[in-house]
**Q** 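Below is one structure. I have some questions about it.
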Amino acid sequence: MHNPAFTEFLAAFDAEIVVGQVLIRRAGRGFELRHAGDRDAADELLELVRVDGLRALAQFTAADMFRPLKSAPNLRGGWRAEAADVGALETALNSLYPGAIADWFAARRNPPPITSYREFTARQTGMYRITTHLDDRIAGAAVRACCHRDFCLKRRLWSVPGLAADGTGEKSIIPCLEPCAVLLEFARKVARLEQEGANLPPVAPVSPDAQVAECDFDSPNNPRRVRFALEKH
């Protein structure tokens, strides 16, 4: 079936393009994919992964930590994949970065379909309704921390009053059109901390621990919580 988003994406590059942390090169009628950090690595030094194996590859980091956010900058390297045709390339990219090309295509519309933090949280019910209670300053600090380039490669196009969207070239070509589930959960934790009157000092209280699960926001060592302590002040 004709996919207009993918057709436009293919027309946007000649020999190669980087999507997130993945380098895509044209190879005859097909394509080769590899980690951008392995750009100059010899083929024989990289594990050849089947296209249908890329989804499993994207599930865990090199340290065997689960990757709940596929746009996190922790995709493991040391591999390459060969997509025989456009259909295989589409399958490969949807395995590595689900929905990325559809969002890229949507972001090129004028205006792009963006949902702001306030619009998004206003829809929430139940335990996530608390995220509407963050004032703009604290919500902005939470967004800056959670969506920092250290944690997500998507270029954030949405915002909250007082906080600008990510600039062109700051992260990757993958756009973020609305807050994600990770941001929502992080905002909920921040709202609870604020509600409880947590006295976060002007500097990070602890060093971030890369071994803490990415979405374990109860841990004070969680890198996003550490970053929030810095952003808040």
Side-chain angles (χ1 to χ4, degrees), residues 1-41 43 45-62 64-109 112-115 147 149-158 165-166 168-183 214:
M1 294 178 64
H2 174 66
N3 182 335
F6 216 77
T7 298
E8 190 164 322
F9 170 70
L10 291 174
F13 73 99
D14 294 321
E16 63 180 47
I17 192 171
V18 175
V19 178
Q21 290 182 288
V22 175
L23 171 65
I24 303 169
R25 288 172 170 154
R26 293 184 183 270
R29 295 184 178 181
F31 305 86
E32 188 214 52
L33 300 87
R34 62 173 64 194
H35 194 286
D38 295 324
R39 170 184 289 274
D40 300 320
D43 291 357
L45 298 179
L46 302 176
E47 176 191 1
L48 183 61
V49 178
R50 290 168 51 98
V51 167
D52 60 10
L54 291 175
R55 189 176 302 277
L57 179 144
Q59 290 291 90
F60 298 92
T61 69
D64 208 30
M65 298 284 286
F66 178 65
R67 300 177 69 235
L69 192 64
K70 298 303 178 280
S71 55
N74 55 10
L75 180 68
R76 74 174 180 88
W79 58 272
R80 68 184 188 90
E82 296 175 348
D85 52 31
V86 172
L89 177 62
E90 186 173 3
T91 297
L93 282 177
N94 280 332
S95 297
L96 295 165
Y97 295 110
I101 302 306
D103 287 347
W104 174 88
F105 180 69
R108 291 164 72 87
R109 304 288 76 85
I114 297 168
T115 303
C147 305
R149 65 174 61 89
D150 287 349
F151 310 125
C152 182
L153 291 175
K154 285 188 176 183
R155 180 188 168 206
R156 178 179 51 79
L157 301 185
W158 55 272
D166 290 335
T168 303
E170 282 191 39
K171 293 180 180 177
S172 76
I173 69 167
I174 306 173
C176 182
L177 302 177
E178 66 177 22
C180 69
V182 173
L183 181 281
E214 190 172 339

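Since the structure is predicted, the reported quantities are computational estimates derived from the model, not experimental observations. Only heavy atoms go into these numbers, but all of them, side chains included; no hydrogens, no water, no symmetry mates.
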**Q** Within 45 degrees of the axis of the six-membered ring of F105 and under 6.0 Å from its centre: does R109 put its NZ or CZ there?
**A** yes

**Q** Evaluate side chain to side chain contact (heavy atoms under 4.5 Å, CB included) for W104 paired with E8, printing each intermediate quantity in order.
**A** CA-CA 10 Å; W104 174 88; E8 190 164 322; 4.1 Å; yes

**Q** Which pair of heavy atoms, one from Y97 and one from V19, lies closest together, and at what distance?
**A**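 In this case the closest contact between Y97 and V19 is CE1-O, 3.3 Å.
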
**Q** Over 60° means perpendicular and under 30° means parallel, so classify the ring planes of F13 and F31, tilted if in between.
**A**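 Tilted.
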
**Q** Distance from E16 atom CD to R26 atom CZ, nearest 0.5 Å?
**A** 11.0 Å

**Q** For D85, does the CG atom have more than 12 heavy-atom neighbours from other residues, nucleotides or ligands under 6.0 Å away?
**A** yes

**Q** Enter the distance from L75:CG to K70:NZ here, rounded to the nearest 0.5 Å.
**A** 10.0 Å

**Q** Name all residues meeting the side chain to side chain contact (heavy atoms under 4.5 Å, CB included) criterion together with D43; count only those two or more places apart in sequence or in a different chain, and write none if there are none.
**A**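 For D43, the residues satisfying side chain to side chain contact (heavy atoms under 4.5 Å, CB included) (neighbours in sequence not counted) are E32, R34, R80.
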
**Q** Side chains of V18 and I173, heavy atoms from C-beta outward: is any pair under 4.5 Å?
**A** no

**Q** Quick check: does any side chain N or O of R155 sit under 3.5 Å from a backbone N or O of A165, one acting as donor and the other as acceptor?
**A**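 No, because the side chain of R155 does not come within donor-acceptor range (under 3.5 Å) of the backbone of A165.
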
**Q** Does any non-hydrogen side-chain atom of F9 lie less than 4.5 Å from one of I17?
**A**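 A side-chain contact exists here, since the closest heavy-atom pair is under 4.5 Å.
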
**Q** Would you please test E170 and R149 for side chain to side chain contact (heavy atoms under 4.5 Å, CB included) and show each step?
**A** CA-CA 8 Å; E170 282 191 39; R149 65 174 61 89; 3.8 Å; yes

**Q** Could you measure the distance from the CG atom of L33 to the CG atom of L23? Nearest 0.5 Å is fine.
**A** 8.0 Å

**Q** Closest heavy-atom contact between S95 and A58?
**A**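 So the two residues come closest at O-CB, 4.0 Å.
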
**Q** Could you list the residues that satisfy side chain to side chain donor-acceptor pair (under 3.5 Å) with D38, not counting sequence neighbours?
**A** none

**Q** CH2 of W158 to OG1 of T115: how many Å apart, nearest 0.5 Å?
**A** 10.5 Å

**Q** Looking at OG1 of T61 and CZ of F66, how far apart are the two atoms once the value is rounded to the nearest 0.5 Å?
**A**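 Rounded to the nearest 0.5 Å, the OG1-CZ separation comes out at 11.0 Å.
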
**Q** Would you say CZ of R76 has more than 12 non-hydrogen atoms from neighbouring residues, nucleotides or ligands within 6.0 angstrom?
**A** yes

**Q** At their closest point, which heavy atom of C152 faces which heavy atom of S71, and how far apart are they?
**A**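 Heavy atoms of C152 and S71 come nearest at SG-OG, 3.2 Å.
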
**Q** What is the minimum heavy-atom distance between V49 and A81, and which atoms define it?
**A** O-CB, 3.3 Å

**Q** Any chance you could measure L89, atom CG, to E82, atom CD, to the nearest 0.5 Å?
**A** 13.0 Å

**Q** Do any N or O atoms from the side chain of Q21 and from the backbone of N74 form a donor-acceptor pair under 3.5 angstrom?
**A**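 Yes, Q21 side chain to N74 backbone: donor-acceptor pair under 3.5 Å.
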
**Q** Any idea which heavy atoms bring P73 and D150 closest together, and the distance?
**A** CG-O, 3.3 Å

**Q** Under 3.5 Å, is there a donor-acceptor pair between the side chain of R156 and the main chain of C176?
**A** no

**Q** Donor-acceptor pair, K154 side chain versus I174 backbone, under 3.5 Å?
**A**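 Not confirmed, K154 side chain does not pair with I174 backbone.
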
**Q** Please report the shortest heavy-atom distance between A5 and I101, naming the atom on each side.
**A**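 Minimum heavy-atom separation between A5 and I101: O-CG2, 3.9 Å.
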
